[in-house]
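The next block holds one structure in the form of structure tokens; read it before the comments.
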2 protein chains.
Amino acid sequence: MTDAAPTTIDEFRSRLASVTDGLPKRLRQCADYIAANTDRIAVSTVAELASGADVPPSALMRFCQILGFSGFSEMQKLFRDAYAPGWPDYTTRLRNLKDSGAGSPSALLAEFVEAGRLSLEQLAKSADETALSQAVALLARADTLHVVGLRRAYPVASYLTYVLEKLAVPAILHDHAGRLDHRHALRPSDACIAITFAPYSDETLSLAQDARSRGLPVVGITDHLTSPIARLSSVVLTVPEVDFGAFRSLSATLALSLALAVAIGTARG
Amino acid sequence: MTDAAPTTIDEFRSRLASVTDGLPKRLRQCADYIAANTDRIAVSTVAELASGADVPPSALMRFCQILGFSGFSEMQKLFRDAYAPGWPDYTTRLRNLKDSGAGSPSALLAEFVEAGRLSLEQLAKSADETALSQAVALLARADTLHVVGLRRAYPVASYLTYVLEKLAVPAILHDHAGRLDHRHALRPSDACIAITFAPYSDETLSLAQDARSRGLPVVGITDHLTSPIARLSSVVLTVPEVDFGAFRSLSATLALSLALAVAIGTARG
DNA sequence: GGCTTTTTGGAATTTTTATTCCAAAAAGCC
DNA sequence: GGCTTTTTGGAATAAAAATTCCAAAAAGCC
């Protein structure tokens, strides 16, 4: 109760977690609200936070003291010092880039950077952890992984295959080079990763279909749960990719693919 | 002078820019300091900002009014409210993902998302606008673009080629499939884009060397100005890609490549 | 160089915000 | 059910911050 005040945000979080249980009703409301709105501490007043937590200001004051601070101000100082908004000089710079005129290379770069960043943020927010774990489990116990992705999904498919290979996971990239078809390489103990975005590529769907009818598990990486690949897949991973102009950044898709590959590599030991 | 107060941060910035010239000494100090520290407005007091700008608090108050606000508090409100969509649940969510245990798929995803985001931010901060414009100019007046990038640079090279093709810019991907070599396709009126990261691929360097000795302009996309591709290039674009584990996110490289491709497409009309 | 206008700094004031304290309510205990 | 302890809400107070105002200084003008 009279411990020293947390001096870092990580310390703050663990203190918060350790103190939350065994707190009376009102103080618990404070703890819950603060945990869910940690980011607003730096820019709010006691009254604002208290009303958000639906408690009187005095309750919130007491709560700050329970965490070890002398009062609200001391707690706020921690967050104000650490405050680095999602736009330090980064946003300023983006703005400068864009200001150099619509259509200029710099402005385009700014747009694509922004599209990539948004995609990644949305991925973090919307990623389905359960599906991801299922996909890893499924793919980790397969012998060989068959990766397919064409057109704009091709860079992802090729990188995924590259990383899998580096991790000593047997993987075949079905790239349709020379219209050669390796679908007879699909063995029942294998698994398939199919990547496709609207407009969905027939060749990709066809390979997934083939894998499915041979009894291979199929993991689909696509843009929506309504994508045609969904019906063919055992597990579907959706990626909310933000386009700029007609082109998608692929940042989110690559991040997801990398995570998938490394998780598979780890699971296989 | 008595315009309405800015209601968005963009508006704020342009107001600031338009008002800065023709301001007396002290007020100008305010303008400069605020422009450089916009991000701290939300979490500072008048006194703190004033002392940062090395002016008395009253000067800063006057400055707020010149911008159209009734006072400092109104200006601060703009930034405190706008802060909501910076980290709101995104950072919390990332944290949750990571908390699910080191090595878990979710934790890996969080790491790659973070690596990608950092890469993009650094790219925005460090991008060399001049070099980018030069590269676009050089590539826009070439007949055919020869794109080369192997191993981990291959996904980038392939996507770049895909996008160029979509934009009706003639492009050849030198993918070394079947060890076939297209270097005789290099014509003096063409140009070359070579992408390579440490450890630099010999084949990529060799093709760039060839292009150079035939008098083609070479644009290098690489990790450092000291990269071996730099000596072979007419223009070098560096990308500060953040790795996680042994693998790079490629987000920044792809964003840069996309911007390059679209700028070339636009410049060619 | 004197006069007018603009700019400046700081002290005084007002407003807002944080913090304390205590009586009432609730919860726990015998 | 009465007694003790804990928890709570709100009014009172203290502290801090924002804002105003004005006299002095500086700059501009004739």
Side-chain angles (χ1 to χ4, degrees), chain A residues 1-6 12 16 19-34 37-38 40-81 83, chain B residues 1-6 12 16 19-34 37-83:
Chain A
M1 192 79 71
T2 33
D3 293 316
F12 173 88
L16 181 57
V19 102
T20 298
D21 296 326
L23 231 44
K25 186 166 165 234
R26 286 285 115 103
L27 293 176
R28 171 136 212 167
Q29 279 173 249
C30 294
D32 292 344
Y33 185 79
I34 290 295
N37 297 77
T38 319
R40 296 216 60 81
I41 296 175
V43 294
S44 303
T45 64
V46 176
E48 283 163 2
L49 290 175
S51 98
D54 202 27
V55 299
S58 48
L60 211 131
M61 287 301 304
R62 239 172 279 136
F63 177 73
C64 295
Q65 285 159 2
I66 286 174
L67 287 177
F69 298 101
S70 67
F72 175 76
S73 299
E74 193 178 295
M75 179 170 103
Q76 189 174 54
K77 183 168 188 311
L78 175 64
F79 288 91
R80 289 198 166 171
D81 290 348
Y83 175 87
Chain B
M1 191 80 69
T2 32
D3 293 317
F12 172 88
L16 181 57
V19 102
T20 298
D21 296 326
L23 229 44
K25 187 168 164 230
R26 287 286 116 106
L27 293 176
R28 174 138 211 167
Q29 279 173 250
C30 294
D32 291 345
Y33 185 79
I34 290 293
N37 298 75
T38 318
D39 54 293
R40 297 219 62 82
I41 296 176
V43 294
S44 304
T45 63
V46 176
E48 284 164 1
L49 290 175
S51 96
D54 202 28
V55 299
S58 48
L60 211 134
M61 288 301 304
R62 238 171 281 133
F63 177 72
C64 294
Q65 286 159 0
I66 286 174
L67 287 178
F69 299 101
S70 69
F72 176 75
S73 298
E74 193 178 296
M75 178 169 105
Q76 190 174 53
K77 184 170 188 312
L78 174 64
F79 287 90
R80 289 194 167 175
D81 292 347
Y83 172 56

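Keep in mind that the numbers below use all heavy atoms, side chains included, and drop hydrogens, waters and symmetry copies. So that the names make sense, note that chain A is the first sequence line, chain B the second, and so on, each numbered from 1. Here the structure is a predicted model, which means the values were calculated and not measured.
- With a cut-off of 3.5 Å on both pairing distances, the Watson-Crick or G-U wobble partner of D/dT5 is C/dA26.
- Between B/Lys25 and A/Thr45, it is B/Lys25 whose nearest contact on DNA chain C lies nearer the 5' terminus.
- Here B/Ser73 lies in heavy-atom contact (under 4.0 Å) with sugar-phosphate atoms only.
- Rounding to whole angstrom units, CG of residue B/Leu23 and P of D/dA27 are separated by 16 Å.
- In this structure, CG of A/Leu27 is placed 14 Å from P of C/dA27, rounded to the nearest angstrom.
- Within the 4.5 Å cutoff, the side chain of A/Arg28 has heavy atoms near those of the A/Asp21 side chain.
- A/Arg26 and A/Gln29 are linked by a side-chain donor-acceptor pair at a separation below 3.5 angstrom, with hydrogens and angles left out of the test.
- Distances were taken from every side-chain heavy atom of B/Phe72 (C-beta onward) to each of C/dA18, D/dT19, D/dT7; the shortest belongs to D/dT19.
- Closest approach to the B/Arg26 side chain among C/dG9, C/dA18, D/dG9 is made by C/dG9 (side chain taken as heavy atoms from C-beta onward).
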- Let me see the working for B/Phe63 and B/Leu23 under side chain to side chain contact (heavy atoms under 4.5 Å, CB included), right down to the final yes or no. CA-CA 10 Å; B/Phe63 177 72; B/Leu23 229 44; 4.2 Å; yes
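- If you check C/dC21 for Watson-Crick or wobble pairing at under 3.5 angstrom, you find it paired to D/dG10.
- Between C/dT19 and A/Gln65, no contact under 4.0 Å exists linking OP1 or OP2 to a side-chain N or O.
- The distance from atom CZ of A/Phe69 to atom P of C/dT20 is 15 Å, rounded to the nearest whole Å.
- In this entry the distance linking CD1 of B/Ile66 with C1' of C/dT6 reads 12 Å, nearest Å.
- Straight-line distance from the NZ atom of B/Lys77 to the C1' atom of D/dA17: 18 Å, rounded to whole Å.
- Between B/Phe12 and B/Phe69, the angle of the ring planes lies from 30° to 60°, which puts this pair in the tilted group.
- A donor-acceptor contact shorter than 3.5 Å is absent between the side chain of B/Gln76 and the backbone of B/Val46.
- A/Ile41 has its CD1 atom 16 Å from the C1' atom of C/dA18, to the nearest Å.
- Rounded to an integer number of Å, the gap from CZ of B/Arg62 to P of D/dC22 is 14 Å.
- Among the heavy atoms of the strands lying under 4.0 Å from B/Ser58 is at least one base atom, whether or not backbone atoms are also near.
- Atom C1' of nucleotide C/dT17 and atom CZ of B/Arg80 are separated by 11 Å, given to the nearest angstrom.
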